[in-house]
Participant: 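Structure incoming, see below.
Residue numbering restarts at 1 for every chain, and letters A, B, ... go by the order of the sequence lines.
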Number of protein chains: 4
Amino acid sequence: MLNRVVLIGRLTRDPELRYTPNGVAVTTFTLAVDRPYTNQQGQREADFINIVTWRGLAETCANYLKKGRLTAAEGRLQIRNYENNEGRKVYVSEIVADNVRFLESTQGQGNQGNYGNDYQGNDQQGNYQQQGQGQYQSQGQKSNFNDDPFASDGKPIDISDDDLPF
Amino acid sequence: MLNRVVLIGRLTRDPELRYTPNGVAVTTFTLAVDRPYTNQQGQREADFINIVTWRGLAETCANYLKKGRLTAAEGRLQIRNYENNEGRKVYVSEIVADNVRFLESTQGQGNQGNYGNDYQGNDQQGNYQQQGQGQYQSQGQKSNFNDDPFASDGKPIDISDDDLPF
Amino acid sequence: MLNRVVLIGRLTRDPELRYTPNGVAVTTFTLAVDRPYTNQQGQREADFINIVTWRGLAETCANYLKKGRLTAAEGRLQIRNYENNEGRKVYVSEIVADNVRFLESTQGQGNQGNYGNDYQGNDQQGNYQQQGQGQYQSQGQKSNFNDDPFASDGKPIDISDDDLPF
Amino acid sequence: MLNRVVLIGRLTRDPELRYTPNGVAVTTFTLAVDRPYTNQQGQREADFINIVTWRGLAETCANYLKKGRLTAAEGRLQIRNYENNEGRKVYVSEIVADNVRFLESTQGQGNQGNYGNDYQGNDQQGNYQQQGQGQYQSQGQKSNFNDDPFASDGKPIDISDDDLPF
DNA sequence: TTTT
DNA sequence: TTTT
């Protein structure tokens, strides 16, 4: 009935942009989110949390996120399950994000040091809130993937147009 | 760095209270959280989200929650992994809750109908916010269970005193 | 850049539905949200938090919420300011909600007692998530009201069509 | 019953650290949080949201936050009211934060440019989660200030030891 | 399989 | 009274 998640963490690697057979953009990435305590060895562990974004937000994320970037994501926690090669049910949890904030500018060559004053550029570079018709709309979808979108295999993701949850 | 989840859903079955070898209470339950859209068949699907609570909150949850109850849970999303019998890594996601709200009173025999004015009673019955020293404390823990606390097998959970994340 | 609020509380009185000159529905209500501690006198204080909803969600709230109902609201915290009669700046804070959940059924005459199994009915009765084109859209708005929408005076709220934040 | 806020924004000025007569640290600051849309004039407005932190977290914030810094804050929304000089009731809303994250390093002298790899230093510099005994504890408090803690006047804040909400 |  |  209510399902809200807010995370801040760093990308464990570059985001992956794929398209459904019908051309809908899907970007996935993983955030390493430090736990609020250190373990027996005095190390800070992290949770590695999968994020999925769709459509415009997916494209913005693919364009502006990079491995290591500090990033905020907001959305709902979804638990999917699918059968693996051996016919076993595997459970996958992921955040379906409708809001992603880029907390570090692109710092690319030539941008070192003046992090303080490129806010506007930063914003133009893609902080983006999912909106508009259909975000959580519901005509004819099935939200179960046939495969794990985080199992990157170079092929288009196995999901038909009617499979989109929005 | 920041990891916050708020859920409202219904218990899929009665909560399970167990104790670590050192006597620390752990209660687990699963919330069915309806998705905000209906699928192709016009049905509302749900995510089944595992919740873990510790110590005092665990005992309160065990006492006052029941299958079917509407419940709010607040905490952080944790991704654990363990090896199953076949030596495969299995990933488990769960909410480590520090705040649980009982949105329905116990309505047991004799309490039907006046849900509207037993709010205070409701509160006495155990809405509870995890607090006090050590909630997210960090002296010597290892947060990986050796087994899945949601795989209820009647035995005490396989976790030593030093294994507690708080 | 990111602004998310989740509340659970009870309506302090019936919601108020009004319309802008251009016919856009606005419903306001106040949630009493108990604080997580008791005060010196052993009493539990509460925060009284104003909620604003727009359009379809406004109408659903007006139809299904009533004084005393346990309710969840999700949205963003907004701080407006206006000048009062004496030319003083007054600050008003409110939650612009995009998701409201009715945690108690209408229990009206004849519905007492079976709260446990009318979940689906409950949902039909109006739990509602703001969606669709324009939720946070931005063509031509000014988000400052000229007066406090919570100062109920029986007149249509003083806000022109162009004043809508979405 | 449940009251959770997560914000990301920038400090409108340096934080202010004060002490209660009994020596409890209180730090206040204001975050400018951009709204998710632009107004009629194409400008992005912001909400200016007051944050209060207590004890250890207050001291860390005073040490490491500065005007302009991008910052995340998590806590609960509190609505206080007090009487002003003219005997009028004034309402004040603020976030009582129990978790603050410093999203930009101190970049002070000698630290320009390598924002990417000073994470650990950053963390040592004070990201801090309120914890431990008493955070939301409740023996004998009164949460109404006699004055506005955001009305900085150089004097110690007018709040007795027993007045602390935790 | 992981980020800083 | 406001930040970038």
Participant: In whole Å, I'd like the distance from the CZ atom of A:F29 to the P atom of E:dT2.
Facilitator: 19 Å

Participant: Let me confirm one number: the CZ-CD distance from C:R80 to D:E45, rounded to the nearest 0.5 Å.
Facilitator: 12.0 Å

Participant: Whole angstrom is fine here: how far is it from CG in A:L7 over to C1' in E:dT3?
Facilitator: 14 Å

Participant: Name all residues meeting the side chain to side chain donor-acceptor pair (under 3.5 Å) criterion together with A:E74; count only those two or more places apart in sequence or in a different chain, and write none if there are none.
Facilitator: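 Expected list: A:R4, A:N99, C:R4.
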
Participant: Heavy atoms only, 4.0 Å cut-off, all strands: where does D:G68 land among base, sugar-phosphate and nothing?
Facilitator: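 Sugar-phosphate, backbone atoms only, no base.
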
Participant: Let me know the distance between CG of A:D14 and P of E:dT3, rounded to the nearest Å.
Facilitator: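 Result: 12 Å.
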
Participant: Using the side-chain heavy atoms of A:T30, tell me which of these nucleotides is nearest: E:dT3, E:dT2, F:dT3.
Facilitator: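 Nearest to the side-chain atoms of A:T30, counting from C-beta on, is E:dT2.
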
Participant: What is the separation between atom CD1 on D:I51 and atom C1' on F:dT2, rounded to the nearest whole Å?
Facilitator: 14 Å

Participant: Please report, rounded to the nearest Å, how far the P atom of F:dT3 is from the CZ atom of D:R69.
Facilitator: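 So the two atoms are 15 Å apart, to the nearest Å.
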
Participant: Please report the distance, rounded to the nearest Å, between CZ in A:R35 and P in E:dT2.
Facilitator: 14 Å

Participant: Of the candidate nucleotides E:dT4, F:dT3, F:dT2, which contains the atom at the shortest distance from the side chain of C:Y91?
Facilitator: F:dT2

Participant: Go through the structure and list residues passing side-chain contact (heavy atoms from CB on, under 4.5 Å) with D:A58, not counting sequence neighbours.
Facilitator: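 With neighbours one apart ignored, the set is D:A25, D:T27, D:T53.
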
Participant: State whether A:R76 and A:E94 are salt-bridged, where the test is any N-O pair (Lys NZ or Arg NE/NH1/NH2 against Asp/Glu carboxylate O) under 4.0 Å.
Facilitator: no

Participant: Rounding to an integer number of Å, can you tell me how far A:F48 CZ sits from E:dT2 P?
Facilitator: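 Checked: the CZ to P distance equals 7 Å.
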
